[in-house]
Amino acid sequence: MPAIVLTGSNRGIGLELSRQLSTSFPSTGHVTIFAGVRGLNGDIGDLQSLASSTSDKVTIKIVECNLSSTSSIKSFASKIIESLGNDKVDLLINNAGINAVPDQTSLTIGEGDLQEHMMVNVMGPATLTSALSSHLAPNGVVVNLTSGLGSCGKAVIKCTTYSISKAAVNMLTVHQASDLGDKKVRVICMDPGWVKTRMGGEGAIITAEESVSGILKVVNSVKDKKDGGELGKAKFFQYDGEEVPW
Ligand SMILES: NC(=O)c1ccc[n+]([C@@H]2O[C@H](COP(=O)([O-])OP(=O)(O)OC[C@H]3O[C@@H](n4cnc5c(N)ncnc54)[C@H](OP(=O)(O)O)[C@@H]3O)[C@@H](O)[C@H]2O)c1
């Protein structure tokens, strides 16, 4: 039975991923979505409503996964593994992220701020992927949500602290693709575009619905091996399927 794991699933792009995955993930069997949230006492009302209204072909299990805490991530992974039984994870989306100090420049960057961004945006996806690595399905896909700001080839120079962490998650993706290639797992990073969420703000240009429908088209194409490239080699996509320069 297909299983999907997602972090930061309670709002923004993560909530929309939960919504669209619960209605359109191509599967003949029952789908379980392990929906990670930073805290079970947080802003999770919309996700709880979604979880209680899915069809009987889909179960959304809401589980704590705080990416600032290695023990929380490991406990999330253990709960998933216990619940999987003999099943495997077909799709892991490392979505949760922070951009907490967008005004910092390379001249004002704070040590603690960079550590926090590296912990949540880089170590989080690294720890969760590692903890689930033996339970990823052959032909499974791992998606790391990144940003065009993490591309050295796009030359959009802002949000220093965040962009450094997203450049790091891009390189993490390259290594994960190499390390998971022999398990036939593909790893990609995905720029969702500039999206109207709390992080993207009202001035953003696309809705979460548009972004996520594009992201899932790319994911399905990678899953069908139409566009995943060579096993062992990462790809960097934008939500509309364009490849992004590293
Ligand atoms: N929006 C954009 O324009 C844009 C552009 C490029 C890339 N991205 C990337 O897309 C992803 C999703 O962004 P978004 O726009 O949906 O952001 P968002 O609206 O700010 O939502 C962020 C999500 O991440 C969760 N989160 C934050 N810190 C966490 C932690 N320590 N542990 C677990 N979860 C945590 C939040 O949970 P809480 O509700 O508990 O805070 C929330 O669910 C991020 O990786 C972001 O960098 C977004």
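One-based numbering, in listed order, for ligands and for the atoms of each. For the numbers below, each heavy atom of this structure counts, side chains included, while hydrogens, waters and symmetry mates do not.
Residues satisfying the side-chain contact (heavy atoms from CB on, under 4.5 Å) test with S178, not counting sequence neighbours, are none.
For the pair S9 and ligand 1, the shortest N or O to N or O distance does not fall below 3.5 Å. No N or O atom of V120 sits closer than 3.5 Å to an N or O atom of ligand 1. Below 3.5 Å of separation, one finds no N or O of G39 facing any N or O of ligand 1. For the pair N10 and ligand 1, the shortest N or O to N or O distance falls below 3.5 Å. No N or O atom of V37 sits closer than 3.5 Å to an N or O atom of ligand 1.
Using a 4.0 Å cut-off to heavy atoms of S147, the atoms of ligand 1 that qualify are 6 (C), 7 (C). Of all the atoms in ligand 1, the ones that sit under 4.0 Å from a non-hydrogen atom of W194 are 3 (O). Heavy-atom contacts of I98 reach the following atoms of ligand 1: 27 (C), 28 (N) (cutoff under 4.0 Å). Heavy-atom contacts of G12 reach the following atoms of ligand 1: 16 (O), 19 (O) (cutoff under 4.0 Å). Within the listing of ligand 1, atoms 31 (N) sit less than 4.0 angstrom from a heavy atom of S68. Set against the non-hydrogen atoms of N66, the atoms of ligand 1 under 4.0 Å away are 30 (C), 31 (N), 32 (N). With ligand atoms numbered from 1 in the order given, ligand 1 contributes 30 (C), 31 (N), 32 (N), 33 (C) to contacts under 4.0 Å with heavy atoms of L67. Using a 4.0 Å cut-off to heavy atoms of Y162, the atoms of ligand 1 that qualify are 6 (C), 7 (C), 8 (N), 9 (C), 46 (C), 47 (O).
Between T7 and ligand 1 there is no heavy-atom distance shorter than 4.0 Å. For the pair G193 and ligand 1, a heavy-atom separation below 4.0 Å is found. The shortest separation from a heavy atom of T146 to ligand 1 is under 4.0 Å, placing the residue in contact. In this structure, C65 is part of the shell of residues with a heavy atom less than 4.0 angstrom from ligand 1.
What sits closest to atom 17 (O) of ligand 1 on the protein, heavy atoms only, is M199 CB, 3.4 Å. In this structure, atom 40 (O) of ligand 1 lies nearest to the protein heavy atom R38 NE, 3.0 Å. The nearest heavy-atom contact from the protein to atom 18 (P) of ligand 1 is R11 NH1, 3.3 Å. With respect to atom 2 (C) of ligand 1, the closest heavy atom belonging to the protein is V195 N, 3.6 Å.
If you look at K166 next to ligand 1, the close heavy atoms, those under 4.0 Å, all belong to the side chain. Residue D43 does not touch ligand 1, judged by heavy-atom distances below 4.0 Å.
Between the side chains of S213 and Q20, no donor N or O sits under 3.5 Å from an acceptor N or O.
In this structure a side-chain-to-backbone donor-acceptor pair under 3.5 Å is present from S52 to S49. Under a 3.5 Å cut-off, the side chain of S221 and the backbone N or O of K217 do not form any donor-acceptor pair.
Put simply, the residue from T173, N121, N144 that forms a side chain to side chain donor-acceptor pair (under 3.5 Å) with N94 is N144. Partner of E64 under the side chain to side chain donor-acceptor pair (under 3.5 Å) criterion, out of S69, S75, S72: S72 alone.
Between atom 27 (C) of ligand 1 and the options P192, G97, A100, S211, the minimum heavy-atom separation is to G97. For atom 44 (C) of ligand 1, the candidate residues are L145, N95, L6, I13; the nearest heavy-atom contact is made by N95. Of the options V169, V212, N99, T197, the smallest heavy-atom separation from atom 14 (P) of ligand 1 is shown by T197.
Note on E82 versus K79: no salt bridge recorded, every NZ/NE/NH1/NH2 to OD/OE distance being 4.0 Å or above.
When side chains are defined from C-beta on, R19 counts as touching L50, because their heavy atoms get closer than 4.5 Å. Side chains of L17 and L216 form a contact here, defined as non-hydrogen atoms less than 4.5 Å apart. Between T59 and T54 the shortest side-chain heavy-atom distance does not fall below 4.5 Å.
Counting non-hydrogen atoms of other residues, nucleotides and ligands closer than 6.0 Å to NZ of K74 gives a total of 12 or fewer. With a 6.0 Å radius and a threshold of 12 heavy atoms from other residues, nucleotides or ligands, N41 has its CG atom at or below the threshold. Within 6.0 Å of atom CD in E242, 12 or fewer heavy atoms from other residues, nucleotides or ligands are found, so the atom counts as exposed in its surroundings.
The CD atom of Q176 sits 12.0 Å away from the CD1 atom of I188 when rounded to the nearest 0.5 Å. In this structure, NZ in K158 is found 11.0 Å from CG in D103, a value given to the nearest 0.5 Å.
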